[in-house]
Amino acid sequence: MHDAPDQSFQRALQSERPVVMAELSLQREASRSQIDAQVQLLRPLADAMQISDIPLAWTQMSALAASCLVLESGMDAVPVLTCRDRNRIALTSELLGLRALGVRSVILTRGHRVPKNHPLQAATVFDTTGRELVALANELNEDESADSGDRMLIGTGARVFRPGHQWRGESLKDRSEAGAEFIQTQLCFDIELLKEYMARLVELRLTWSYSVIVSLTPLPSVKTAEWIQRRMSDSKIPAAVLEQLEQADDQRAEGIALCAAAMREIVKIPGVSGINLMNTGDSEAVAEAIEASGLREP
């Protein structure tokens, strides 16, 4: 077992350099050795490993178990918890378990409904809202019986869009008041749209309350990009990106280059604190994108 990792994600948020977070690739059959291999690949390049919470309702190892293995391998873990599959009793238990394991940063969101015609025929729970889940975690942070060093930094989700003049970010303000301190956007390659969105966050002083992490991914092919657009409807992949991928002789290499270029542009936008790289199953591509971006030393 490796030495326990420090709270590198939180320290990175407090530093002047951009945060880089990488998502753990978790298939249903993922093993300890496979997770350790990903950690050893990405640990020199990323501040933390993000662990998703059963995306698209396809069963995989729990975020709690995967977080334990990531921490044991020597990397800071940032798990995602959603309201879709658990009631508030189970969510509280999960948060207590993560805290006991040494997790010090979490992302808490409402999540999406179980897709129609899903083969597992599972029910959607939604016993709590995203704001209520944030407030629940914050209550645990303020519990007088807990050690002050056990406090978890709470993140939540945000959707990049073109805000109208009437938009005041009320949901983000509510979740900030409930205890959230950083936000993570959906997948967004639309730089101009992101600039408009961030300008409004700055105008509303929401960046005083939140650090902002933007999600990207090294797209391996135009086919995968189109699949993401269909299955993750909030994702923002402009037609120009699809065209560049389609025309490339080596689509994987082009996807890595496009991701690296977007990383460099996005971290220059006022109010952006860093990048989360989603994983389509090719952790080597995630590492190559970080290296190509120049945001980390080789």
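Owing to the predicted nature of the structure, the values given are computational and were not obtained by experimental measurement. Position 1 is the first residue of the sequence, and the numbers go up from there.
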Decide yes or no on side chain to side chain contact (heavy atoms under 4.5 Å, CB included) for Glu132 and Cys83, but give the supporting numbers first. CA-CA 10 Å; Glu132 289 170 341; Cys83 307; over 6 Å; no

Could you go through the side chain to side chain contact (heavy atoms under 4.5 Å, CB included) check for Arg99 and Arg104 one step at a time? CA-CA 7 Å; Arg99 187 174 71 178; Arg104 293 296 173 262; 3.9 Å; yes

Taking it one step at a time, do Arg32 and Glu72 satisfy side chain to side chain contact (heavy atoms under 4.5 Å, CB included)? CA-CA 10 Å; Arg32 176 189 290 268; Glu72 287 184 356; 2.7 Å; yes

Give the C-alpha distance, both sets of side-chain angles, the deciding distance and a yes or no for side chain to side chain contact (heavy atoms under 4.5 Å, CB included) between Leu219 and Ile228. CA-CA 10 Å; Leu219 295 162; Ile228 289 172; 3.7 Å; yes

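Residue Tyr197 is grouped with residue Leu204 when hydrophobic side chains (ILVMFWY) are merged at heavy-atom distances under 4.5 angstrom, including chains of intermediate members. Side-chain heavy atoms closer than 4.5 Å link hydrophobic residues (I, L, V, M, F, W, Y) into clusters, and following such links, possibly through other members, connects Met198 to Ile183. Ile256 is not connected to Met263 by any chain of hydrophobic side-chain contacts under 4.5 Å among Ile, Leu, Val, Met, Phe, Trp and Tyr, and they are in different clusters. Hydrophobic clustering (ILVMFWY, side-chain heavy atoms < 4.5 Å, transitive): Val125 and Leu108 are in distinct clusters. Hydrophobic cluster membership differs between Trp167 and Val202, with clusters built from Ile, Leu, Val, Met, Phe, Trp and Tyr side chains linked at under 4.5 angstrom.
Using a 4.0 Å cut-off between a side-chain N of Lys or Arg and a carboxylate O of Asp or Glu, Lys195 and Glu192 qualify as a salt bridge. Taking the charged nitrogens against the carboxylate oxygens, Asp127 and Arg84 have no contact shorter than 4.0 Å, which rules out a salt bridge. Arg296 has no carboxylate O lying under 4.0 Å from a charged side-chain N of Glu291, or vice versa, which leaves the two without a salt bridge. The existence of a salt bridge linking Glu139 and Arg88 is excluded, since no basic side-chain nitrogen approaches an acidic carboxylate oxygen closer than 4.0 Å.
With Ser105 contributing its side chain and Val78 its backbone, the two residues share no donor-acceptor pair below 3.5 Å. Under the 3.5 Å distance criterion, the side-chain polar atoms of Asn276 are left unmatched by any main-chain donor or acceptor of Val214. Side-chain atoms of Gln184 do not come within 3.5 Å of backbone N or O of Ile213 as any donor-acceptor pair. Looking at Ser52, its side chain never comes within 3.5 Å of a backbone N or O of Ile54 through a donor-acceptor pair. Arg200 contributes a side-chain N or O that, together with a main-chain N or O of Gly164, makes up a donor-acceptor pair within less than 3.5 Å. At least one donor-acceptor pair under 3.5 Å links the side chain of Thr124 to the backbone N or O of Val114.
Taking each heavy atom of Asn279 and Leu24 in turn, the nearest pair found is ND2-C, 4.4 Å. Ala225 and Ile237 make their closest contact through O-CD1, 3.8 Å (heavy atoms, listed as atom of the first residue, atom of the second, distance). The heavy-atom pair separating Gln50 from Val80 by the smallest distance is OE1-CG2, 3.6 Å. The minimum heavy-atom distance linking Leu216 with Cys188 is given by the pair CD2-O, 3.1 Å. Ile154 and Ala137 make their closest contact through CD1-CB, 3.7 Å (heavy atoms, listed as atom of the first residue, atom of the second, distance). Minimum heavy-atom separation, Ala22 to Leu42: CB-CD1, 4.0 Å.
Looking at Ser221 and Arg252, their side chains never bring a donor and an acceptor atom within 3.5 Å of each other. Judged purely by distance below 3.5 Å, without hydrogens or angles, the side chains of Ser8 and Asp47 never pair a donor atom with an acceptor atom. In this model, no donor atom of one side chain and acceptor atom of the other lie less than 3.5 Å apart for Gln34 and Gln38. Remark: the Ser25 side chain and the Gln27 side chain contain an N/O donor-acceptor pair separated by less than 3.5 Å.
Counting heavy atoms from C-beta on, the side chains of Thr129 and Val134 never come closer than 4.5 Å. Side chains of Ser73 and Gln40 form a contact here, defined as non-hydrogen atoms less than 4.5 Å apart. Taking 4.5 Å as the limit, some side-chain heavy atom of Asp234 sits within range of a side-chain heavy atom of His112. By the 4.5 Å heavy-atom criterion applied to side chains, Ile269 and Leu194 are counted as neighbours. Between Tyr210 and Glu181, the closest side-chain pair of non-hydrogen atoms is not below 4.5 Å. By the 4.5 Å heavy-atom criterion applied to side chains, Met152 and Leu95 are counted as neighbours. Between Pro220 and Gln251 the shortest side-chain heavy-atom distance does not fall below 4.5 Å. For the pair Ser176 and Leu172, the minimum side-chain heavy-atom distance is 4.5 Å or more.
For residues 171-196, the pairs satisfying ring pair (Phe, Tyr, Trp, His ring centres under 6.0 Å) are Phe9-Phe182, with sequence neighbours left out. Residue pairs meeting the salt bridge (Lys or Arg N to Asp or Glu O under 4.0 Å) criterion with at least one partner in residues 152-179, sequence neighbours excluded, are Arg162-Glu196.
Here the CG atom belonging to Leu140 is positioned 11.0 Å from the CG atom belonging to Asp150, to the nearest 0.5 angstrom. Of the inter-residue distances, the one linking Leu81 atom CG with Leu98 atom CG reads 5.5 Å to the nearest 0.5 angstrom. Interatomic distance, CE of Met232 versus CD of Gln186, reported as 8.5 Å (0.5 Å rounding). Summarising the geometry, atom CD belonging to Gln60 is positioned 10.5 Å from atom CD belonging to Glu29; distances are rounded to the nearest 0.5 Å. To the nearest 0.5 Å, atom CG of residue Leu13 and atom CE of residue Met21 are 8.0 Å apart. Taken from CD in Gln229 to CG in Leu187, the straight-line distance is 9.0 Å, to the nearest 0.5 Å.
If you run side-chain contact (heavy atoms from CB on, under 4.5 Å) between Thr82 and each of Leu91, Leu133, Thr109, only Thr109 comes through.
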